[in-house]
There are 2 protein chains.
Amino acid sequence: MTVGELEASEETMALRVVGALRDEIVTMALKPGDVISESDIAGRYGVSRQPVREAFIRLAQQGLLLIRPKRATIVKKISPDGVRQSRFIRESIEVEIIRRVAARPGDAEAVLAELIAGQETASAADDNLGFHALDELFHRTLARLAGVEYAWQLIDDHKMQLDRVRFLTLGVSSSQRAIAEHKEIAAAVAAGDSAGAEAAMRAHLARAEVLLSQTIADHPDYFEPVH
Amino acid sequence: MTVGELEASEETMALRVVGALRDEIVTMALKPGDVISESDIAGRYGVSRQPVREAFIRLAQQGLLLIRPKRATIVKKISPDGVRQSRFIRESIEVEIIRRVAARPGDAEAVLAELIAGQETASAADDNLGFHALDELFHRTLARLAGVEYAWQLIDDHKMQLDRVRFLTLGVSSSQRAIAEHKEIAAAVAAGDSAGAEAAMRAHLARAEVLLSQTIADHPDYFEPVH
DNA sequence: CGCACGCATCTACCATACAAGATTGAGGAA
DNA sequence: TTCCTCAATCTTGTATGGTAGATGCGTGCG
């Protein structure tokens, strides 16, 4: 597989390689279990081994690569247990966020309504990518409203694991249903109903759960064996 | 300041430098705002710039260093807002953990009682360091009992920010009170009282909150200005 | 035939040299 | 005095060569 040159930019080579590799991994162009090497990637992107090496370190810390010293570097297989726990973390934080927002709705209602309207537009136009972006923005906005945007950044880091699974289930998810659930959350927030908002958020996040086992069955070699 | 050589070990140089620098930062031997350079650290530890550089990258991703390209690398100042949000994350996750454990106590009661007994021994012997270790183990054990030990690892990463604050308030904290609160949590867990366990955990974590503003007042130059 | 040894050949790790942006301070002109 | 210019000298970024450990395969011995 040949890869186009990295476009020139302000950032350093190392960071550009990080971005390029992350995209390849999340979109499954690089598959879990694939063996890569510094020289290999360096050659493909037309840079030296040094920035590639630093990119490997960053991606390894984010859980996307596994560096086996003096042996090889491989694209980390998806850990079912890791996915489960990433969801646990996300649910813990998002539930706490929605509680806080519901406790002091402020101008949340108007902001959320606008976002949901945008999602309906994207969904009607079959703009899957746009919808995904707005979906993410919905959750990020809730974090901002709760005054903990930094916490969302944390979720974002660990969300890459989930994004790989999401990519494997593309098309399966129903944006209609997601929008309905978003409305339910927004309504509970507007009403200041903490308990209701929490329950709605839990239900919203739980929906993705059922897809995992099916995905594992479809692509068993992309996942770590249970031990 | 001169630093002893790194003891020989199996791991790579880069990882040893990471550990050494992390300790220096958390214990405030390297103070927030201090300017360091790859060459400087390399000379002090007797290695080349390369492993030091890789250590910098890792520590920067963990939020302890700030790399300003072509300029300098500095020990990141503590962000009061970051501390607040790190606590938010920790509370979110720990509350969810304690709920799960309380919902299925299992053999939690015996395990927790044993840990608390150890803490009392350490406290009676004025073994502050040992008590701290057992305190951490208490929370980690709860995560294990909930089946989400990986989630604790996440907290651990972001706990370094909090540890720097904790180091500044050493001696202030009362281990007696912490033990009493641990007992309260364990009792609620044993009784299967989810709501009570959650409330006890929130109170336990909230106790540290009051110390922050005092600490900022004592060491204003260690913290980022509010913007 | 089966197994152990050794060598060719991978890998990531580390050291060193060079490149290029950023800072600082000295020195000269207005 | 004040301000601008520029060069010395910091910094991190990148390239490349050499090193040591791990792997796999072929060979030769039992």
Side-chain angles (χ1 to χ4, degrees), chain A residues 1 3 5-22 24-25 30-77, chain B residues 1 3 5-22 24-25 30-77:
Chain A
M1 164 182 41
V3 174
E5 296 291 310
L6 298 175
E7 69 258 31
S9 135
E10 293 301 319
E11 20 175 42
T12 66
M13 284 290 180
L15 287 181
R16 271 183 277 172
V17 174
V18 167
L21 281 178
R22 179 168 25 77
E24 284 195 62
I25 293 172
L30 283 174
K31 304 187 191 313
D34 278 0
V35 175
I36 59 184
S37 80
E38 296 174 0
S39 324
D40 176 23
I41 304 296
R44 275 171 43 192
Y45 285 114
V47 297
S48 82
R49 285 168 16 228
Q50 182 66 21
V52 174
R53 174 176 177 73
E54 297 179 0
F56 279 15
I57 291 176
R58 289 182 163 91
L59 292 169
Q61 252 194 335
Q62 295 180 10
L64 291 181
L65 292 183
L66 178 63
I67 300 176
R68 301 199 302 175
K70 308 284 181 69
R71 261 169 293 244
T73 297
I74 68 179
V75 179
K76 204 169 180 184
K77 292 201 176 188
Chain B
M1 167 183 43
V3 175
E5 295 292 308
L6 298 176
E7 68 258 32
S9 135
E10 294 300 320
E11 6 173 57
T12 64
M13 284 290 180
L15 287 181
R16 271 182 277 172
V17 174
V18 167
L21 281 178
R22 179 167 27 75
E24 285 195 60
I25 293 173
L30 284 174
K31 305 187 190 314
D34 278 2
V35 175
I36 59 184
S37 82
E38 296 173 359
S39 324
D40 176 23
I41 304 297
R44 276 171 42 193
Y45 285 115
V47 297
S48 84
R49 268 184 55 210
Q50 185 65 23
V52 173
R53 176 176 176 75
E54 297 176 2
F56 278 17
I57 291 175
R58 289 180 162 94
L59 292 169
Q61 266 197 329
Q62 296 179 10
L64 291 181
L65 292 184
L66 177 63
I67 301 175
R68 301 198 301 175
K70 308 285 182 72
R71 267 173 288 259
T73 298
I74 68 180
V75 179
K76 206 170 180 184
K77 293 201 175 187

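Here is the naming used below: chain letters follow the sequence lines, and residue numbers restart at 1 for every chain. Note that this is a predicted model, so its numbers are computed, not measured.
Closest of all the heavy-atom pairs between V52(B) and E38(B) is CG1-O, 3.8 Å. Between E54(A) and A14(A), the shortest heavy-atom contact is OE1-CB, 3.9 Å.
Partner F56(B) forms a side-chain contact (heavy atoms from CB on, under 4.5 Å) with one of L64(B), L66(B), T73(B) and no other, that one being T73(B).
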Fill in: Where protein sits on nucleotides 6-14 of chain C, one letter per nucleotide: B base, S sugar-phosphate only, - none, heavy atoms under 4.0 Å
-----BBBB
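Here the NZ atom belonging to K31(B) is positioned 11.0 Å from the CD atom belonging to E24(B), to the nearest 0.5 angstrom. In this structure, the separation between OG on S39(B) and CZ on R53(B) is 11.0 Å, given to the nearest 0.5 Å. Atom CD in Q62(A) sits 5.0 Å away from atom CD in Q61(B) (nearest 0.5 Å).
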Item to complete: Using the side-chain contact (heavy atoms from CB on, under 4.5 Å) rule, take L65(A) and V75(A) through it: C-alpha gap first, then chi angles, then the decisive distance, then the call.
Response: CA-CA 5 Å; L65(A) 292 183; V75(A) 179; 4.2 Å; yes
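Along DNA chain D, the stretch of nucleotides lying under 4.0 Å from any heavy atom of chain B spans, 5' to 3', dT11(D) to dT14(D).
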